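Predicted, not measured: the structure shown is a model, and the values here were computed from it.
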Amino acid sequence: MPAAERTPQTLYDKVFQAHIVDEKLDGTILLYIDRHLVHEVTSPQAFEGLEVAGRKVRRPDCTLATTDHNVPTASRKALKDIASFIQEDDSRTQCVTLEENVKKFGITYFGLSDKRQGIVHVIGPEQGFTLPGTTVVCGDSHTSTHGAFGALAFGIGTSEVEHVLATQCLITKRSKNMRIQVDGELAPGVSSKDVVLHAIGKIGTAGGTGAVIEFCGSVIRSLSIEARMSICNMSIEGGARAGMVAPDEVTFEYLKGKPLAPKYGSEEWDRAVAYWKSLRSDPDAKYDIDVFIDAKDIVPTVTWGTSPEDVVPITGVVPDPETFPTEAKKAAGQRMLEYMGLVPGTPMEDIVVDKVFIGSCTNSRIEDLRAAAFVVKGKQIASNIKRAMIVPGSGLVKEQAEQEGLDKIFVEAGFEWREAGCSMCLGMNPDILSPKERCASTSNRNFEGRQGAQGRTHLMSPVMAAAAALVGKLADVRKVSQYNGSPHVEAAVAPEPPATFAGPSADAKAHPDERIATDDHEKEALTDQPEDSSPQVNTTVTHSGAGSSAAGLPKFTVLKGIAAPMEKANIDTDAIIPKQFLKTIKRTGLGTALFYEMRYSAPGVEDPEFVLNREPYRRAKVLVCTGPNFGCGSSREHAPWALNDFGVKSVIAPSFADIFFNNSFKNGMLPIAIKNRADLELVHAEAVAGREIEIDLPNQVVRDAAGETLCGFEVEEFRKHCLVNGLDDIGLTMQMEDKIAEFERKMSRETPWLDGSGYLRRKGMGGKLAVKAAPVPRTNRGDVKTEPLEW
Ligand SMILES: CC(C)[C@H](C(=O)O)[C@@H](O)C(=O)O
Ligand code: SF4
């Protein structure tokens, strides 16, 4: 096993340490990545960059792709191919582009006709692709989900996707260690979703910034893997890079028989389990941040505002912003209430709901569906509910639910039973809210416009959403159903399956190889058309945007220009660029979509109040934001692309969300964190006055227009070096080929089950023999193999 170098260590320290390929003096680390999940939204520009630079995918055997965000969840009975199935042009282009790329680069892919297709964070665990102690990345913020297995799993931007595809490594830094310990016993009717919503309410959406959270304590231990996934999934909403749970018997039990896990009962399985058992924090390990939660304080929880930290017990009332501690918070609270159409003091249980969505990578697994079905069985949704949807997280979840008869329970109660996909979680597909519609949703983000322009989202657990559907208002599930314990614990136990049921893993094994959808189904007339009334702007590309890493970056030395002032806290990437503009396959042309909802009052009509619509800020090269946690939420690199395209090359704020921060550097932009309030106020005052400021990166100072120093700033040495010299960091990493190859040889000896052995077994090579005798095909080495690997 990889040697532990510092003791005592946390779980995070151990997994991180075991993947270090190289470490620089300034703490910049080249980290090896074991598992890479790919979806259609954040990969096109990465593949394009590879192609332009003539690079290959280094480890197709450790890469798995699917389509999930754009796909309609309507019946696929008449599916012919994805191109004819998806009606919306941009969505279709992204999906078709992924299919072309997986063919071109030889990557395993689950298409729409494959039962294993689904939300990327559901299918990885389901297949045993996600394993304890691995590093897992995806161009998607909710990659944190996979931490439930004791994996170090985190979201990355598109430039980093390209970096991982080309090198199987990532340039990163150590994160802080944070521990959230939840002890006691969950009260009847309280789910793991309530645990995580409660925790985010306690720490805030920036509470975990720069940290990896380890969830532990008796409550976490008592939960199933699926319930743990719901918790790790939302670590990102608490601002953290990742969430982790130490693997235990519950984890090993879940992995038995999974197609890509080491074969249960084999020598490799025993070796793997022995290693996995070592993956727990040492008794005296130190954490930078420690949070304790007593389970008895957790009740069924819902959100009231437009940030996941705006939580309240279902027994509570809509809060009054006048009671909030600062003027900024009062103003933000007031805006949220207006957006959400709520009045302070209203009991949460009096809030009438229009739609119900049970799905998303947080809550679309079989236990979620069982728990929701338990609530609705034999009952009817309320007459005011316009639409109630159940969207299984994958084709296999759907199939299992059907085997258990859950679909019938839902349909009889008035729910729609849909096909797998992200669905109404973010409205990149036809499932969206109409303006001002209110939704009880099991997803993870309640940002403005998240589920459709002007839609109103309340986050909650699957049983709470089911209860809301029955009552027609936000409802306390404990009044609707009887519980002895946590719904999740109860749902973890499968009902007696019908005699014919083979279980998802067994079925996946029996399923024929289907890399790309080719079935000759008849085309179905699609009834689900986009309802999103948000005005369209032109996102047509101005040039091919060859990919910054391939082309090299413009050098960043001294930047002089107008700085635009902003004051909001938690400016999320959905606000910087909403979902409808993520459908481009280029990096350019997004400037007109920047801050879309705030910038335009109607299609093409600028809101004169918005700062970037006023002179001199139309020419801004810098944003100065006094609110913390800039760029939180989704990993979309479209956010820095839009800023860049508008002309903004630097953002100054008290703090940044980790993924946005990284993404900015990858695009030759400089995010500057100024924690000192007085310094920040000085810079902000220049911005408010409409004067130019000067950012001198080599000397690390900000000056006013007269050349007087306003303040200094910190920047990591390696990042500065790359920016000042316009360096292509993929090229830099590729120069480390010897070290990477040496690391891979060591991993093949110590953790051979990570070498895509499941793939090899599927080719009839026999995992053990194949792994020992022949190293996995690596496209950038001498033993080049470019044809697609099939399972
Ligand atoms: C599209 C993708 C970049 C995004 C994410 O990173 O989270 C999406 O999954 C979301 O939930 O907003
Ligand atoms: S958060 Fe929603 S949109 Fe993002 S991956 Fe999960 S289900 Fe898909």
Side-chain angles (χ1 to χ4, degrees), residues 193 197 200-201 205 237 300-314 316-321 331-360 362-363 381-382 384-389 391 422-462 464-469 471-475 530-535 568 570 572 574-575 578-580 596-598 601 633-634:
K193 182 69 165 282
L197 286 173
I200 295 166
T205 46
E237 273 64 52
T301 301
V302 292
T303 57
W304 61 268
T306 56
S307 165
E309 69 186 9
D310 303 328
V311 297
V312 68
I314 185 64
V317 298
V318 175
D320 183 354
Q334 200 49 54
R335 181 187 156 100
M336 287 184 199
L337 288 189
E338 274 162 32
Y339 181 86
M340 293 296 290
L342 294 174
V343 176
T346 310
M348 294 308 288
E349 289 180 82
D350 284 357
I351 296 173
V352 177
V353 167
D354 302 301
K355 286 185 174 166
V356 175
F357 169 59
I358 298 182
S360 90
T362 319
N363 285 124
I381 63 171
N384 62 300
I385 297 292
K386 296 182 196 160
R387 188 173 193 192
M389 303 168 76
V391 188
C422 291
S423 185
M424 205 190 271
C425 175
L426 95 165
M428 275 187 83
N429 53 75
D431 304 339
I432 55 168
L433 295 181
S434 297
K436 302 203 172 164
E437 273 182 347
R438 190 179 299 285
C439 184
S441 176
T442 65
S443 53
N444 43 50
R445 289 185 172 141
N446 51 348
F447 302 144
E448 289 186 18
R450 171 76 184 178
Q451 295 188 290
Q454 296 176 53
R456 294 163 173 168
T457 304
H458 294 272
L459 305 176
M460 64 197 71
S461 72
M464 287 287 286
V471 177
K473 297 177 185 172
L474 299 186
E531 300 170 49
D532 194 345
S533 59
S534 65
K568 251 182 120 211
N570 302 320
D572 57 78
D574 277 66
K579 63 202 177 297
Q580 64 268 37
Y596 188 79
E597 296 295 336
M598 296 188 235
S601 51
S634 146

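Between Thr442 atom OG1 and Ile358 atom CD1 the span is 6.0 Å, to the nearest 0.5 Å. Rounded to the nearest 0.5 angstrom, Lys579 NZ and Cys422 SG are separated by 13.5 Å. Between Glu237 atom CD and Phe447 atom CZ the span is 6.0 Å, to the nearest 0.5 Å. A distance of 7.5 Å separates NZ in Lys355 from CD1 in Ile432, rounded to the nearest 0.5 Å. With rounding to the nearest 0.5 angstrom, the OG1 atom of Thr205 is 8.5 Å from the CD1 atom of Ile200.
The side-chain hydrogen bond (donor to acceptor under 3.5 Å, both in side chains) test with Glu437 is passed by exactly one of Gln454, Arg456, Lys386: Lys386. Results of the side chain to side chain contact (heavy atoms under 4.5 Å, CB included) test with Met424 over Ser441, Cys439, Ser443 single out Cys439 as the only residue that passes.
Nearest heavy atom pair, residue Met336 against residue Gly305, reads SD-CA, 4.0 Å. Scanning both residues, Leu197 and Leu459, for their nearest heavy atoms gives CD1-O, 4.0 Å. Annotation for Ala388 and Ile381: closest pair CB-CD1, 4.1 Å, computed over non-hydrogen atoms.
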Might you work through the side chain to side chain donor-acceptor pair (under 3.5 Å) test for Thr362 and Asn444, ending with a clear yes or no? CA-CA 7 Å; Thr362 319; Asn444 43 50; 2.9 Å; yes

One pair to check against side-chain contact (heavy atoms from CB on, under 4.5 Å): Leu474 and Val353. What are the steps and the verdict? CA-CA 7 Å; Leu474 299 186; Val353 167; 3.6 Å; yes

As a quick check of understanding, evaluate side-chain contact (heavy atoms from CB on, under 4.5 Å) for Met340 and His458, giving each step before the final call. CA-CA 9 Å; Met340 293 296 290; His458 294 272; 3.5 Å; yes

Chi angles and distances behind the side-chain contact (heavy atoms from CB on, under 4.5 Å) call for Met460, Lys193: CA-CA 7 Å; Met460 64 197 71; Lys193 182 69 165 282; 5.9 Å; no

For Arg387 and Phe357, run side-chain contact (heavy atoms from CB on, under 4.5 Å): C-alpha distance rounded to whole Å, both residues' side-chain angles, the deciding distance at 0.1 Å, then the answer. CA-CA 8 Å; Arg387 188 173 193 192; Phe357 169 59; over 6 Å; no

Going through the checks in order, is the salt bridge (Lys or Arg N to Asp or Glu O under 4.0 Å) test met by Glu349 and Lys473? CA-CA 6 Å; Glu349 289 180 82; Lys473 297 177 185 172; over 6 Å; no

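Side-chain atoms of Asp431 and Ser423 form a donor-acceptor pair, as typed in the model, at a separation below 3.5 Å. Counting only N and O atoms by type, the side chains of Thr303 and Asp310 include no donor and acceptor under 3.5 Å apart. For Glu448 and Thr306, the side-chain atoms include no donor-acceptor pair closer than 3.5 Å.
Checked by atom type and distance alone, the side chain of Asn363 never pairs as donor or acceptor with a backbone atom of Pro462 at under 3.5 Å. Checked by atom type and distance alone, the side chain of Asp354 pairs as donor or acceptor with a backbone atom of Arg438 at under 3.5 Å. Here the side chain of Tyr339 pairs a donor or acceptor atom with the backbone of Gly455 at under 3.5 angstrom.
Contact check for Val312 versus Val317: no side-chain heavy atoms found under the 4.5 Å cut-off. Residues Val318 and Met348 form a side-chain contact, since some pair of their non-hydrogen atoms from C-beta on lies under 4.5 Å apart. Put simply, the side chain of Ile314 does not reach to within 4.5 Å of the side chain of Thr301, judged on heavy atoms. Using a 4.5 Å cut-off on side-chain heavy atoms (C-beta onward), Pro321 and Leu337 make contact.
Here Asp574 pairs with Arg450 in a salt bridge; the nearest charged N to carboxylate O distance falls below 4.0 Å.
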